[in-house]
Amino acid sequence: MKNVVILISGRGSNMEAIVRAQIPGAHIAAVISNRPDAAGLEFAVRHGIQARVVDHKAYPSRDAFDAALAELVDTLSPDLVVLAGFMRVLTDGFVNRYAGCLLNIHPSLLPSFPGLHTHRRALEAGVRVHGTTVHFVTPTLDCGPVVIQAAVPVLADDDEDSLAARVLTQEHRIYPQAVRWFVEGRLAVTEAGRVRVTGESAGPDGWTVPPVEA
Ligand code: GRF
């Protein structure tokens, strides 16, 4: 069994998708939120998963918060730490501590639109294709090796909410897939920083296109 620790800050729908996927070989050791009011914590409790809070407001600095978070995470003997809507920028110290076993999901086709308000920026830029990326976390924000991406069309009448909803549906497909690959030991990062999915049924690794919607 691989211990998976999931960090959230709010709704937790990606965490939920990963839990519901019931990935063989993955034990969800805990869901940790930096916000006591994160809605996702309730889902974790209802599903018998250890739910913990490390409130960033209780710490005087980013370093102090990250140190407390790492202390808790380490007690769970994690094989994989999953950032699922965790809205805190982590220190290099934290990121390096879990190098190679820290995944994030970002709501854009990286390297386009790192940072916040990705859907609004995609609409403003007039792109025809948008999407989401699961990547290994490195110290540079939203910049680590790409594990899997899913693309969605940007429709003429889209607003931020409709586009976000279309992307989120894809997030819920690709994040469990990425975790499954990790747990199966099938992700390798090349020296050039590219992710290879090993194994027979890897298929078109790291790229999924949903059926185009009407
Ligand atoms: C997702 O869009 C994710 O890509 C981004 O934050 C959002 C979190 O949603 N990092 P949820 O909390 O998983 O529902």
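Here the structure is a predicted model, which is why all the values come from computation and not from measurement. Values reported hereafter were calculated over all heavy atoms of this structure, with side chains retained and with hydrogens, waters and symmetry mates removed. Both ligands and their constituent atoms are indexed starting at 1 by order of listing.
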Phe65: ring pair (Phe, Tyr, Trp, His ring centres under 6.0 Å) partners, not counting sequence neighbours: none
Atom CD of Glu42 with >12 non-hydrogen neighbours under 6.0 angstrom: no
Atom 2 (O) of ligand 1: nearest protein contact (heavy atom, Å): Glu171 OE2, 3.0 Å
Distance from atom 5 (C) of ligand 1 to nearest protein heavy atom, with residue and atom: Pro107 CD, 3.9 Å
Option nearest atom 12 (O) of ligand 1 (shortest heavy-atom distance, choices Gly12, Ala17, Gly85): Gly12
Pick from His172, Glu16, Arg11: the one approaching atom 9 (O) of ligand 1 most closely through a non-hydrogen atom: Arg11
From Ser13, Ser33, Ala84, Ser108 - option closest to atom 11 (P) of ligand 1 by heavy atom: Ser13
Charged N-O contact under 4.0 Å between Arg88 and Asp66: no
Lys/Arg N to Asp/Glu carboxylate O, Asp37 vs Arg35, below 4.0 Å: yes
Salt-bridge criterion met for Arg20 and Glu16 (N-O under 4.0 Å): yes
Ile105 near ligand 1 by a heavy-atom separation under 4.0 Å: yes
